[in-house]
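Here the structure is laid out as structure tokens; the discussion comes afterwards.
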Amino acid sequence: MPELPEVEVVRLGLENHVAGRVIEAVEVLHPRAIRRHIPGPLDFAARLAGRTMIAARRRGKYLWVELAGADGGGEALLAHLGMSGQLLVQPSTAVDEKHLRVRVRFADGGPELRFVDQRTFGGLALSDLAEVDGTLLPLSIAHIARDPMDPRFDAEAVVRALRLRHTGIKRALLDQNLISGVGNIYADEALWRSRLHWARPTDRLSRAQGLAVVAAATEVMREALLAGGTSFDALYVNVNGQSGYFDRSLAAYGQEGEPCQRCGTAIRRDPFMNRSAYSCPRCQPRPRDARP
DNA sequence: GTTCGCACCTGAGCGC
DNA sequence: TGCGCTCAGGTGCGAA
């Protein structure tokens with residue numbers, strides 16, 4: 001599934017293939033895909049027609065394309081890929097994907113941009129841009145914290161905030177208001193690398209432990225970004241989180257029953273927030289004061 | 001204000 | 001073969 005590194009690959013693809021192009025028409029094939037655009041599909045399509053896509057940006061798992069034209073800009077096409085979303089650059093002659101939700105045609109008659117999403121957890125919306133803490137952001141994601149790839153990401157500040165929380169470390173890592181871009185997979189990997197159990201209370205974490213887990217999250221996402229950078233070619237913006245990297249490099253996530261790469265103990269899977277948490281019972285012992 | 005649980009959604013995988 | 005159940009998971013909302 002698309003995680004921060006895959007979203008960054010998509011951002012690069014958009015930057016290369018749609019920046020500078022003028023939108024001719026937009027077709028919404030499934031209204032749920034633009035459910036966060038409150039005025040609805042007709043307004044969405046009408047406001048995009050004639051606009052120029054300028055530059056692609058990203059924060060955490062959100063990405064957006066700044067728009068020019070019509071009313072002079074100050075607005076962005078915001079996208080979240082959810083669990084199964086893809087933004088594909090396809091020739092207009094290509095057969096429609098089974099789960100094609102939104103189609104963007106360009107005035108130059110070149111390849112079109114398609115939003116494809118099987119589970120419809122993702123979506124597109126138009127959002128005004130505003131300066132938030134020194135960065136131009138779509139207003140609707142002003143609450144999303146900086147991600148570890150952000151040059152202005154402040155690990156010390158994140159750890160200070162983390163230690164003020166009264167919850168489990170994994171739950172905190174998944175809170176996009178605290179640190180963005182970390183999903184279930186990278187949370188498990190970061191905790192395995194820093195030898196912390198997922199239910200470790202954040203308020204019992206030392207500063208060093210906090211910095212270690214944030215550094216591990218940064219490191220694992222950087223490695224994934226390097227591995228994911230190959231899934232893109234000239235006409236196809238491939239957003240496939242299951243490609244390459246995950247099968248080869250994951251130490252904890254999805255490895256139930258497999259030997260831990262450090263100590264050989266079988267990785268275990270625990271129910272966590274209606275999903276799963278994977279950990280090594282020896283390297284990451286469950287604390288007595290665990291918080292689920 | 002903070003924390004937690006749940007709905008949303010679709011298809012794959014599994015057991016019967 | 002076909003049916004029904006479970007699981008996957010990011011986000012936002014409502015409840016506590």
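Atoms considered below: every heavy atom in the structure, side chains included; atoms not considered: hydrogens, waters and symmetry mates. Quick note on labels: first sequence line is chain A, next is B, and so on, each numbered from 1.
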Quiz item: Does Lys61(A) pair with Glu8(A) as a salt bridge, N-O distance under 4.0 Å?
Solution: no

Exercise. Specify the separation, in whole Å, of atom CG of Leu173(A) and atom C1' of dT11(C).
Key: 17 Å

Exercise. Verify the contact: side-chain N or O of Arg32(A) to OP1 or OP2 of dT10(B), cut-off strictly under 4.0 Å; return yes or no.
Key: no

Quiz item: Among dG10(C), dA8(C), dT10(B), which is the nearest nucleotide to the side chain of Ser276(A)?
Solution: dA8(C)

Practice problem: Using atom CD of Gln176(A) as one end and atom C1' of dG10(C) as the other, report the distance to the nearest whole Å. | Solution: 8 Å

Self-check item: Out of dT3(B), dT11(C), dG10(C), whichever nucleotide has its closest atom nearest the side chain of Tyr62(A)
Solution: dT11(C)

Exercise. Mind calculating the distance between CD1 (Ile185(A)) and P (dG10(C)) to the nearest angstrom?
Key: 7 Å

Exercise. Return yes if some donor-acceptor pair links the side-chain N/O of Arg105(A) with the main-chain N/O of Glu112(A) below 3.5 Å, else return no.
Key: no

Quiz item: Rounding to a whole Å, what distance do you find between Asp175(A):CG and dG12(C):C1'?
Solution: 12 Å

Quiz prompt | Out of dA8(C), dT3(B), dG12(C), whichever nucleotide has its closest atom nearest the side chain of Arg165(A) | solution = dT3(B)

Quiz prompt | Polar side-chain atom of Arg262(A) near backbone of Trp192(A) as donor-acceptor pair, under 3.5 Å | solution = yes

Practice problem: Name the nucleic acid region contacted by Arg36(A), choosing base, sugar-phosphate or nothing; use a 4.0 angstrom heavy-atom cut-off, strictly under. | Solution: sugar-phosphate

Self-check item: side-chain hydrogen bond (donor to acceptor under 3.5 Å, both in side chains) pairs, two or more places apart, involving residues 159-169 of chain A
Solution: Arg165(A)-Asp175(A), His166(A)-Asp203(A)

Exercise. May I ask you to say what Phe272(A) touches in the nucleic acid, namely base, sugar-phosphate or nothing, with a heavy-atom cut-off under 4.0 Å?
Key: nothing

Quiz item: For the side chain of Gln118(A), counting heavy atoms from C-beta on, which of dA8(C), dG11(B), dT3(B) is nearest?
Solution: dG11(B)

Quiz item: Should Arg35(A) be listed as having a side-chain N or O under 4.0 Å from OP1 or OP2 of dA7(B)?
Solution: no

Quiz prompt | Salt-bridge present (Asp289(A), Arg200(A); N to O < 4.0 Å) | solution = no

Quiz item: To the side chain of His143(A), which of dG12(C), dT10(B), dA8(C) is closest?
Solution: dG12(C)

Exercise. Return no unless some side-chain N or O of Thr167(A) is found under 4.0 Å from OP1 or OP2 of dC4(B).
Key: yes

Practice problem: Identify whether the distance between the nearest side-chain nitrogen and carboxylate oxygen of Glu97(A) and Arg114(A) falls below 4.0 Å. | Solution: yes

Exercise. Anything below 3.5 Å on both distances counts as a pair; with that, list the stems of at least three consecutive Watson-Crick or G-U pairs involving DNA chain C.
Key: B:2-16 with C:2-16

Practice problem: Test the Arg59(A)-Trp64(A) pair against the cation-pi criterion, namely NZ or CZ under 6.0 angstrom from the six-membered ring centroid and within 45° of the ring axis. | Solution: no

Self-check item: Earlier contact from the 5' end, DNA chain B, for Met273(A) and His166(A)
Solution: His166(A)

Exercise. Could you state the atom-to-atom distance from NE2 of His80(A) to C1' of dC9(B) in whole Å?
Key: 15 Å

Quiz item: Rounding to a whole Å, what distance do you find between Asn274(A):CG and dC8(B):C1'?
Solution: 12 Å

Quiz prompt | Whole-Å gap separating P (dC4(B)) and CD1 (Ile169(A)) | solution = 13 Å

Self-check item: Asp270(A) with Arg286(A): basic N within carboxylate O range, under 4.0 Å
Solution: no

Exercise. Please determine if a side-chain N or O atom of Lys98(A) lies less than 4.0 Å away from the OP1 or OP2 oxygen of dT10(B).
Key: no

Exercise. Check the distance between dG10(C)'s P and Ile179(A)'s CD1 and give it to me in whole angstrom.
Key: 14 Å

Quiz item: Phe121(A) side chain: which of dC8(B), dG11(B), dT10(B) is closest?
Solution: dC8(B)

Quiz item: Does the base of dG10(C) carry an N or O that pairs as donor and acceptor with the side chain of Arg275(A) under 3.5 Å?
Solution: yes

Quiz item: Any idea which of dT10(B), dC7(C), dT3(B) is nearest the His99(A) side chain?
Solution: dT10(B)

